[in-house]
Amino acid sequence: MNLAQSGVAAGSPLLTRRDGAIFHMVLNRPEARNPLGAEMVERLEDALSQAEDDSAVRVVAVSAAGPAFSAGGNLGNIADRIAASPDADGRDPIAAGNRRYGRFLERFAGSSKITVALAQGAAMGGGAGLVCAADLAVGMRDARFGFPEVSIGLVPAQILPFVAARVGLQAARRMMLTGDRIDADAARSIGLLDYVFDAGQSWDEGIAQVLRRCVDAAPRAAGQTKRMLRGLFGQQRWHEEELGAYLDSASQHFARQLRTEAVEGVAAAKARRRPDWDAVPPAG
């Protein structure tokens, strides 16, 4: 069965199922290119908890319904988000929403299970960040990846550490500062993807083989290996002591950008014109 097409008719934004030792999470808003809005992130958090609590699960696989993996964050409601009142505790709701996705990525990247992303079509912004946070990333030949945030006045706030950890600082710098979009073969060449398969039977057979290899790994050995890898080169201290504060700060940068340059950037993108950054007043 083509995992990218499973359950398209179902109404939930995220479909889940367990197939033996594999727990599948399927992004299921194909009509909107599977945006990673508040509801989707909440469902992803709940599903990951379900997988983590199930001792029979050894692998968590994330795929998507429809022609695209994920277009990233939902900016269709930018006016409503800017107008939202502070939370009861005074927290900026934009920063809080942005930070929530980062907390999910932290949990996903640090899971004791082997995590696998299965991407077809466009994986942009936060969608590409989700692919980068997985232990293994598999792409269909038609997959495309990019980080368009700066082109619309935003910053890749929560995803940046996970992207840089996967592809390296210079590749992350190039893609994030230029907005370059790359195909599956280029993504594999920089380490964003581990495997590339053609659509159709090759895709189904390829991902089945990858997932089978993951299932065949001894679960405690795999989990311990993940912990050992995370302990290399100061990563453990970074993840435990610094990453959270970094992402907290990044969420504030995201909120400021959404209220300033992103207003012009999103309007320009909708109107298919070049943004006039000089017309944007400096942040107060």
Side-chain angles (χ1 to χ4, degrees), residues 1-74 96-140 158-159 162-163 166 207-208 210-212 214-215 217 219 222-223 226 239 243-244 247:
M1 178 174 61
N2 186 335
L3 296 176
Q5 300 299 325
S6 64
V8 174
S12 174
L14 184 75
L15 305 179
T16 63
R17 75 178 190 280
R18 184 162 72 81
D19 180 11
I22 304 170
F23 188 90
H24 292 283
M25 303 192 298
V26 185
L27 308 179
N28 190 44
R29 287 283 310 282
E31 75 287 350
R33 298 199 302 166
N34 299 310
L36 294 165
E39 183 180 14
M40 183 73 83
V41 174
E42 181 179 359
R43 299 296 180 91
L44 284 167
E45 289 175 321
D46 291 344
L48 184 58
S49 294
Q50 183 180 346
E52 289 282 0
D53 292 342
D54 189 339
S55 60
V57 172
R58 299 185 187 181
V59 180
V60 177
V62 181
S63 59
F69 180 74
S70 175
N74 182 6
N98 181 254
R99 184 65 183 90
R100 184 168 190 176
Y101 186 48
R103 280 194 293 273
F104 166 74
L105 292 177
E106 287 182 88
R107 288 184 58 204
F108 185 66
S111 174
S112 61
K113 318 291 185 179
I114 299 176
T115 56
V116 183
L118 309 170
Q120 81 288 351
M124 299 293 155
L130 176 55
V131 174
C132 288
D135 293 321
L136 298 174
V138 185
M140 195 178 288
Q158 301 300 303
I159 64 173
F162 304 96
V163 176
R166 176 170 276 275
I207 59 177
V210 171
L211 294 176
R212 186 166 55 249
C214 292
V215 170
K226 289 186 62 171
H239 282 284
L243 178 58
L247 294 176

Quick note, ring-ring contact (aromatic ring centres under 6.0 Å, His included) partners involving residues 103-130, not counting sequence neighbours, are Phe104-Phe108
All heavy atoms of Arg18 vs all of Ala56, minimum pair found to be NH1-CB, 3.8 Å
Salt bridge (charged side-chain N to carboxylate O under 4.0 Å, His left out) filter on Arg166, not counting sequence neighbours, yields Asp194
I want to check something: taking the side chain as every heavy atom from C-beta on, are Asp54 and Phe23 in contact at a cut-off of under 4.5 Å? no
Rounded to the nearest 0.5 Å, what separation is found between the CG atom of Leu105 and the CD1 atom of Ile159? 8.5 Å
pair Ser70-Leu130: side-chain heavy atoms closer than 4.5 Å: no
Measuring only between side-chain heavy atoms, which start at C-beta, is Phe162 closer than 4.5 Å to Glu106? yes
Taking every heavy atom of Val116 against every heavy atom of Cys214, the minimum-distance pair comes out as CG2-SG, 4.1 Å
First locate atom CG of Leu118, then atom CE of Met25, and finally report the distance between them rounded to the nearest 0.5 Å. 10.5 Å
Go through the structure and list residues passing salt bridge (charged side-chain N to carboxylate O under 4.0 Å, His left out) with Arg58, not counting sequence neighbours. none
Which distance, rounded to the nearest 0.5 Å, do you find between the OG1 of Thr16 and the CG of Leu48? 11.5 Å
Counting distance only, does the side-chain N/O of Asn28 pair as donor-acceptor with the main-chain N or O of Leu14 below 3.5 Å? no
Distance (rounded to the nearest 0.5 Å) between Asn98 CG and Arg103 CZ: 10.0 Å
Nearest heavy-atom contact between Val131 and Ala117 is CA-CB, 3.9 Å
Hey, does the side chain of Tyr101 reach the backbone of Gln158 with a donor-acceptor pair shorter than 3.5 angstrom? no
When every non-hydrogen atom of Ala64 is compared with those of Ala68, the smallest separation belongs to CB-O, 3.8 Å
First locate atom CG of Asn34, then atom OG of Ser63, and finally report the distance between them rounded to the nearest 0.5 Å. 9.5 Å
Pairs flagged by side-chain hydrogen bond (donor to acceptor under 3.5 Å, both in side chains) wherever residues 121-140 is involved - sequence neighbours left out: Thr115-Asp135, Asp135-Lys226
Counting C-beta onward and ignoring hydrogens, is there a side-chain heavy-atom pair between Leu44 and Leu27 closer than 4.5 Å? yes
Scanning both residues in full, the closest heavy-atom pair of Ala61 with Ile22 reads CB-CG2, 4.3 Å
Set of residues satisfying salt bridge (charged side-chain N to carboxylate O under 4.0 Å, His left out) with respect to Arg100, sequence neighbours excluded: Glu45
Between the side chain of Glu52 and the main-chain N/O of Ser111, is any donor-acceptor distance below 3.5 Å? no
Would you name the heavy atoms of Ala65 and Val26 that are closest together and state the gap between them? N-CG1, 3.8 Å
Of all residues at least two apart in sequence or in a different chain, which pass the salt bridge (charged side-chain N to carboxylate O under 4.0 Å, His left out) check with Glu39? Arg43
